[in-house]
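Take a look at the structure set out below.
Letters A, B, ... are given to chains in the order of the sequence lines, protein chains preceding strands, and every chain is numbered from 1.
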Amino acid sequence: MAAFNHFKNMYDVGLKPRLLRMLLKEHLPDDTNPFGNPAGISTVVSMIKTHGLLSESSVEESADQRICLLGVTCQECSSDRFLASYTLWFHKLLPFIQSPADSLFVKVATCASLSDMFTRLGGFPNQKKDGTSHAGKVIQPVLKLLNDDSSEAVSEGAVQLLCTIITCFPSSVHRHYDSAEAAVASKLLSGKCSADMLKKLAHCLALLPKSRGDEDSWSLMIQKILFLLNGHLNDVFQGLEEETKRNEATRLLVPPGKDAPASLGGHTFSGEVSDDSPRRSERLLMSSVSTLMLSCCTMLTSSYPVQVNIPVRSLLVLVERVLAVDGSLPQALLPFMTSMQQELICAELPVLHSCSLELLSAIIKGTRSQLLPHAASIVRLITSYLKRCALPELRIKVYSILRVLLISMGVGVAVCLAQDVINNVYIDLDPISSKVGHSSSIVSSKASSETLLQPGRRKRKHGTDTAYLEEQHDLGGLQVETPKNHSISPISLRVAALEALEALFMVGGALRSACWRSNVDLLLINTARNSLEQGWATEIVEPNESSASWVDFQLAALRALLASFLSSVHVRPPHLAQGLELFRRGKQETGTRLAEFCAHALLALEVLIHPRALPLTDLPPSSCNSFEEVSRKFSENVGSGGVKYGEPFAGGIQGIRNHNPSVEEDDLYESWLENGKETEAPDIIPSKNTRYNEEPPEALGGSDEENRSVDGTPGTRFQEKRGNEPATTSVDVRMRDNNDDIMVDADLLHKSIAQVKEPVSSKSATVPVSNDGSSGAEIVSATVVSGSGVSDHAGNVFASSKDVLAAEGDRSTTVGVHTSATTEMSEKTTGDAFDLDGEDPFPEIFDVEPDSDEGQD
Amino acid sequence: MAKAGEALVVCSDKGMAVGITVWDIDTGVHLLHIPTCASPCHGLLCLREQFLVASQIHRHGSVGGGAIFMWALNKESPSVSLKFSVLQPQSALRSYPVEAIGPLSCTKDGIYLAGGALSGNVYLWEVSKLCIRFPVKKCSLPRRSSQQPVSYDVFPHMDSELTANGRLLKTWHAHPKSLSCLLFSNDGSLLISGSVDGMIGIWCVISLLDMEDSGSLPSLLHYSTNHTSPITGLLTISGSSSSVLVSSSLDGTCKVWDLVTGRLIESHVYPLAITAIVLHPDEQILFCGSGDGRIFVNRIDIGPLKDSFFFAEDQPVELKGQNGAITALTFSNSGLISASEDCTICLWDAVNWVIIWRFNHQKGAVTNMAVIPQTALLSVSNHQRVLNRLHFSVLDKYPEPADSSGGMITFLSLCPTFKENRTSFDFRSTDSMTKHISNLEKEGTLTTMQMKVESSTANRMCAARMTKHIMEMNRHLQSRLLDLMQCRLFWPPEIDSPISRKRRKLLVASSLLQGEEEPQSSL
């Protein structure tokens, strides 16, 4: 490989290592050649001398490069070498950091290298003592570097080194604790640092108590910070808030009868800036406030060796205080404030709010479930703030806090937060929802917050259009019209809103029976649909920055949709069919995150669509009678699970539209199947289960009767609901007569759908249809749906269905009598009621794979 | 011992002398006996597998209020010899609330404890705090060693040290009659109370604990009087989005509720009073213990809501084996465990549903059972296994005055162990260094530019100094030259004394210049 790697001439540096290697190989004794030629050694020596092989590289290296390389060596070399030589290296490095003369870069490099060395050293537990003593020597020079008004790069390196030392050798900082605090604090408050540097300083300040590792240091530190923050806020918010609030905060921090904590770093800072221009001092105060808040966050979220007391109340009051200020002036204080002052503060307020939201989220994370006594006040704080907050970035933060709160505190907090989350989600997803519209329903709930943002007005304006659209959508499930997305809220905000909604569903699914349920369901399905419809195009075109975040939006919408489906416990999700369609389409976007998620979603939904009667794993079938009974009973109940599913809708409560009938069919089918099995072995079944035995023959044998009874119960209902459109049932009758017709019709339907819909779905639709060939009783009820769908679409009206309905009505009553004792059959039939709705001609309706099995039975 | 078996903890209400008995479930070996405990039903619980908490029955003759005893299970001892026979009954930590407490419940994280009194009052304590111990670096932190003795057998120390603990957060009158059951929902945000008059109340803990008490959030979410006899059992099903409550009563019904909406989902009717219920761990099967010793097995179905109450006419599968009313039911890995008034405890095989073990508790009918892992009983030395420990102290008798809100303090639970935290630091510094190196290469960043500027200013200074130098020398030379020329021109080479004197004078004059020149020439 290296055979042709020629070097330039005999003076090439590259020659040296190769010569050395050659000498080692050929002339030095080794395992294979233990007794080398003594004469060879002299050759080696002469070679080395002639070529200067062992001399250090003559390439010019600056000091800082060498130092950097030493740092890398500290990381990379073997443990033995490191332990053997780190003391030496340390003493080499130490002068660089001490001497004032060296260039900046040398200092920076030294700090970095030392930091590396200590990090590595910290990994050897037996080197604690040495490490601590070495680290102790570094502290003072480091603090000097910090105190010197030198370049920021040097201070940064110094802070970094200090952090490393605090982390790895905390006890070495012990002696210099106060001076370290003073150095960091004065740097932090000097107002001369960049934002990045301030972050590092805040982190370092928060780490500092770790060097002592006791409860008092931590408490004192956070008290000092809070006290300083309080003072700063007093200055900043002068004239913007009422005196009482200010006094309360101070009283919390310094309880009456106690002394105020010593100021941070032992300095008095307020005087330093007083002579500056107001603009500068304001900005300085603001930046210190945000940095100090960051320190608090770090203290709350990073680990600490002992338990500490968190002054939660003070922290919350602080957050509350900042969030309460929105730049408006209380009437009484108007004359005391110039507009310039107000301007200055308002310019900086978003930053302050953002920081205090961070702090709030850190409080929640730090205290976990122990926050419960304060949860109510946090809920109040958040909800009231969310009403006022209009900046996207801040709203995103609030949403994330909401999410954390919901997930950590569960259903109890969901009860308190649900309405506010919903209201705000509506506001933020508004541009989309306004297209489809449910203007009447949410106006009342968001009336209060609507004044804040304009979209509400637009929504009302589109009221008529949207009503029409909704109708369209209900009929065909086709949301063709997608007007230009005048997105007011940025995508990231919408993502955050959707995530909060998802969290709400996760913990408070049972809440969905509240009044907002159907609206939210509609909102979600439309959001998801719109996100996807716009997304297909952009993804194909080119993956640029905006489309990447658009994908996030799509994912968030689909995730929320999935959560909404899975969390609806007591009511069948009304838009399940459309949702499934979306997931299936998403799955086809091969190779994208979207496809991955959609596949996962379909997997998760599978259990919802096709409930399974799995035997309990630790209850395998056995000869024991008692168990047999148990398992049989379970499977029974699962079989009749479909019954219960269907029932509430039979009552026509809600959610009648947009149902996926295939679900009920499968349940029905399964129950039949179960029952069929039981007839084969009736002797084992306990006597009380006989009601199940009676039914299967009817269900399987008399398919005609069965089908009529299927139609029977809902027939009357339909009459009521759609008195002007009796066509649907008559179509059923026609189709029931001839299976071939059904197939044709189904195909026709598919074609008609295909014309309206994207080609994507039509392709997938035709596949399952072919399975329907051997259909028995089931297919009829399945195609009933398609028939009605066709009729709806084509507008064919078949008259004279009354007699049919009457007959069916009769039958349904008989069936009802027959099964009223067990409530089995009638419920089963009502399960099929939905097939008749047929407002949803999505192809998956035909995806009734068990049908073919049915035929074999 | 490496195989983590389970232990069964039982207690009775027959008398203080009966105490708590702990058996090995698999072998039936008697592991431990803790004297002086007599708890009413639902009065014993195991807090995070580290503590046993038991409310004590109220004797009519006795004076004063109630009592709640707590025992630390894993006594911390330096000895590593762990034989169960060595386990000594440990001293109880005794709290004396104002009233006699019957049922107890705690949140999953073991932080809050609720106790229901005979008067219908409910007490809510913040009972413990989470402490995560750090197995590494014990010696390096000075104060930590002083924290070490805060172990569980030395309770008096804890009292003095952890005063903020055991706070009575709230007490309120929940029911007109005495409470028979209490239960926290799985996320700890709801509290369900059952009373002897059959009433069930669902409370929102967040609003209960609302300090400001603005009344904006109602604390009682729902209540129901559907049951007509005392509530004997409450269970929640742990689905996160579906919050479902199962209640059982002496009126012979088990009802399934939606916890959030308070709606009745399902009602199971049995011919007998139901005295205890338990859910199969996979939460599909409900076991109902009845008044005559039978255990009915039924399936819980929380499917979509029915518009009318669906009275499941249960043809329950029955497990027969106990001769007295079932008093408690629980589940272990081995299967169902039932306790009965006939003073026996049966362990049922989870596959064949036959009794595979029968414990005799001669001292009285068992009122409470708990299953704990045997490892919880082990003395712990410094095992990493027990990172999450609870500190625990006596429960307050009275709530704190509301005024002292300044003292509202919670405890920081420390998330990562020290070791984990350390690794996150490892490469930060190297990153920073490589960043600097790359900065150097790119010469683009502020820092490098700063350095460049610095070095070039230094160079410039140096150059300026040199230039000044040279100019000085130049001037000097020029003046010398001028002098010389002057000499040559005006004083022809005559060697006489006045000239030489003048020359000397010139030299003197030029020495003024030379004073500067000399150090320069040395350069």
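Atom CG of residue B:Leu124 and atom CG of residue A:Leu372 lie 8.0 Å apart, to the nearest 0.5 angstrom. The CD1 atom of B:Ile206 lies 9.5 Å from the CG atom of A:Leu371; values are rounded to the nearest 0.5 Å.
Among all heavy-atom pairs drawn from B:Cys204 and A:Gly412, the shortest one is SG-O, 3.7 Å. Closest of all the heavy-atom pairs between B:Glu126 and A:Gln370 is OE2-O, 4.2 Å. Closest approach of B:Ser189 to A:Gly410, counting heavy atoms only: OG-C, 3.9 Å.
A:Val415 touches chain B through its side chain: at least one heavy atom from C-beta onward sits under 4.5 Å away, while N, CA, C and O do not.
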